[in-house]
Amino acid sequence: MKAKQFLLEKIQDGTFALLTDTEIAKRLRLKKQEAYALRDMLHALVREGELLSDSHYRYGTAEQFAAKKGTIAGNERGFAFFVPDDGSGDLFLPRNSLNGALHGDCVLAIPAKSYGDSGEVLAVIDRGYKTFVGVYRAARGGGYVKPDERKLNLLPFVPFAKSKSCKDGDKVVVKMISYSEKNQLAEVAEILGASGDFFAEELSLIRAHNLREEFPEEVLADAEKAAQKSLPRDGRVDLRDKLIITVDGEDTRDIDDAISLEKKDGKYYLGVHIADVSAYVPRGCALDEEAFRRGTSVYFPDRVLPMLPPALSNGICSLNEGEERFTLSCFMTLDKQGNVLEKRIAPSLIVSRRRMTYHAVTAIYERDERAVKEYPDLIEIVDTAIELTNLLKKARESRGGVALDVKEAKILYENGTISIPDYNRSISHEMIEQFMVLANESVATIMTQKEMPFIYRVHERPSEEKARDFADFLREAGVRAKFDPENVRPADYAALLRSLERNPLYPLVNRVMLRSMMKARYASENLGHFGLASDCYCHFTSPIRRYPDLCIHRIIKDALTDPAAARKRHENFVKDASIRSSACEKNAADAERDVDALYIAAYMENKIGEEFDATISGVTSFGIFCELDNTIEGMIPLETLPDDSYELLENRYTLRGMKNSFRLGERVRVLVAAVDHGLRRVHFAYLGKQA
């Protein structure tokens, strides 16, 4: 034991740092048997995590190797890339340099001595996949499970005793027991159903993203208890006599926002009333911990995985028609130019008079006879709301807000039938969006002025590199770029889009502009929102389904009563909540995209042989992606395009041949050729370009 400790200390103090066992043995003048013992001690220190060893059999600490911490991005062909946490360049990892590391693992790695941008893994810090989804294949004494994630190079054996008696071909969730390359072992945690069954495949995707339908019993019990709790009304503004309505989609499962609006003496008095979920979910309780873990509700065509149990999300917190509800209200007074003159926040008590849909509100505004007859009491508020909406749109445009035309697929599943209607965005959608954006902005501004710790929704300006690539693309397309890539402003992008409104290049520029922009995220620092041309923005309006909103509701209420205590109570939590919420949002978006692709593949299987108009939405070296008017995307493989020799011009978003070329945004005619269920991808055949 003393010899082992001596050896460790001599390496740690640098005496034997980065030497091989042979070199250390020579310095210590050890005999042959003693050298073997030395080697065993070094191996033990590596196993215990005290030391690291590289492919040259040198030993040292992470600092001595200058090892970096990062994540493995695997490839189904066996090699991988090391993505360092510090943002420095990625390293290529050949299969024999992985040292047992797998896709998603957190590792320590170093550059290889003589292979340029190659590297090698020294140690695995944490496994990225402790569980995974795959297909069980029976074998003698048990079976093997092949992961659905193709980048995960695992094929663990499941002994029969740990298989839950699953059958050959079943989709299962397995928990890893041993990652040893010579003895990979796992146990079946859940049987999802037969491979190929539609709902088993959907559940597989949900589980692959570590999402769960069920809530822990403790959380369900807390939710039921909270829903039955009688809360004091003291200190709340009583708005029960006001005309307050909700406006949502026909299939909305939880209602967390409502509006009121009056126009007097040329001013607009807008109230945005948001479910006061924080009254029922205090920080630190089991409900709150589960909400923090989930981060967001996740929506699929046939189900929703709520952030909060139904007793709250669909019950006491949902602003159901005709029922008293606790809310947190943002009151805003605006002039006839759409400028906010006054704004304040207050806890409130409301009763929603009507549960309206986007379709019904649009019908009232357009004076549909049936809608007007059914909702005569709402004609005035609807007209005033659309009037204010147009003022707000104009005001935001004048400030430089970037109005990108971003389409979102709407997949409907009812009674076993999948339908995907053409994309349709009505004036009532814009109305609610404008009102919610204004409330989010107003709340963030008030809390910033109070110097409260906060969770902001930030959207940083495009990087200089991305902006320069965009400017180069515009130049190639014959469009004059009037912005400085080093300091691009929202107004620059907004002016560019306005200048191209009637130009055939508009769809193309819109798409490339979107790709040049950063992704929005949550942050504890106010970095502004580029796309909205807002200096200060947050998410306040959806506390039933988003944790950041719930978190800032607590901050707001504390700030209204005791600002000093609020600062102390929340200052250390907002950073963790921002990071966690951003990660959960991304995971949810990825899961929704994967499940949507499954539904799209099933839907399009019945469309094989049909023709459609489409827009080129992506160009790659292996083909082009095209988007139908209902937002369904499919791929035309390179080998099926007109016979030619093609070159991918990435910065120009063009696939160019000697006779033909295909550019992002162009309109084409396609035929649905096939559906690949394994990849959840639709294959199109190219028929020609639209005039």
Side-chain angles (χ1 to χ4, degrees), residues 133 148-150 171 192-193 195-213 248-254 294-307 358 404-425 429 511 514-515 519-520 542 545-546 583-608 610 612 614-618 620 624-636 670 672-684:
V133 177
D148 285 356
E149 172 53 76
R150 300 183 179 201
K171 271 291 180 74
L192 305 177
S195 178
D197 175 80
F198 182 84
F199 293 107
E201 295 294 339
E202 179 181 15
L203 193 54
S204 296
L205 293 172
I206 292 171
R207 289 291 183 271
H209 290 279
N210 294 313
L211 301 173
R212 293 273 167 183
E213 300 94 331
D248 294 280
E250 284 82 351
D251 59 345
T252 296
R253 292 135 171 163
D254 43 52
R294 294 184 175 224
T296 180
S297 296
V298 192
Y299 296 89
F300 303 115
D302 67 331
R303 71 190 80 184
V304 60
L305 307 186
M307 183 180 78
Y358 295 117
L404 289 165
D405 182 17
V406 181
K407 295 182 177 182
E408 295 181 1
K410 182 68 173 178
I411 301 173
L412 305 177
Y413 179 80
E414 190 173 0
N415 299 323
T417 302
I418 303 170
S419 60
I420 306 177
D422 284 349
Y423 174 79
N424 180 34
R425 179 176 167 82
H429 286 87
R511 285 175 180 274
L514 179 62
R515 296 184 185 198
K519 299 289 185 185
S542 296
R545 64 183 180 89
R546 290 190 305 228
C584 289
E585 178 188 49
K586 182 181 184 306
N587 184 57
D590 289 345
E592 289 171 348
R593 185 189 63 245
D594 287 347
V595 170
D596 282 355
L598 179 71
Y599 275 80
I600 287 170
Y603 173 76
M604 293 302 287
E605 190 169 31
N606 296 322
K607 306 292 181 184
I608 292 175
E610 295 186 25
F612 295 91
T615 302
I616 296 178
S617 55
T620 70
I624 61 176
F625 288 88
C626 300
E627 184 183 275
L628 306 185
D629 292 338
N630 62 4
T631 72
I632 288 177
E633 190 175 63
M635 189 190 79
I636 304 176
V670 300
V672 182
V675 171
D676 185 329
H677 290 284
L679 294 175
R680 300 183 296 281
R681 180 178 290 171
V682 180
H683 285 178
F684 292 147

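It should be emphasised that the depicted structure is a prediction, and the values quoted were computed from it without experimental measurement.
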Discussion item. Is there a side-chain contact between I411 and Y603 in this structure, where contact means two heavy atoms from C-beta onward sitting under 4.5 Å apart?
Written reply: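 No, too far: nothing below the 4.5 Å cut-off.
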Charged N-O contact under 4.0 Å between [X] and [Y]:
| X | Y | value |
| --- | --- | --- |
| K519 | E585 | no |
| D197 | K171 | no |
| R593 | D590 | yes |
| R207 | D148 | no |
| E202 | R303 | yes |

Can you measure from [atom1] ([X]) to [atom2] ([Y]) and round to the nearest 0.5 angstrom?
| X | Y | atom1 | atom2 | value |
| --- | --- | --- | --- | --- |
| I418 | F198 | CD1 | CZ | 4.5 Å |
| T296 | R545 | OG1 | CZ | 6.5 Å |
| F300 | L211 | CZ | CG | 5.5 Å |
| I420 | L628 | CD1 | CG | 9.0 Å |
| C584 | H209 | SG | NE2 | 13.0 Å |

Discussion item. For P301 versus Y413, what's the shortest heavy-atom pair and its separation?
Written reply: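 Taking every non-hydrogen atom into account, O-CB, 3.8 Å.
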Discussion item. Among residues at least two apart in sequence or on other chains, which ones pass side chain to side chain contact (heavy atoms under 4.5 Å, CB included) with N606?
Written reply: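 By the side chain to side chain contact (heavy atoms under 4.5 Å, CB included) rule, N606 matches no residue at all.
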Worksheet item: Between E627 (side chain) and E633 (backbone), is there a donor-acceptor pair under 3.5 Å?
Response: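 No; judged by distance alone, with no hydrogens or angles, the pair does not exist.
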Worksheet item: Between R294 (side chain) and P306 (backbone), is there a donor-acceptor pair under 3.5 Å?
Response: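 Yes.
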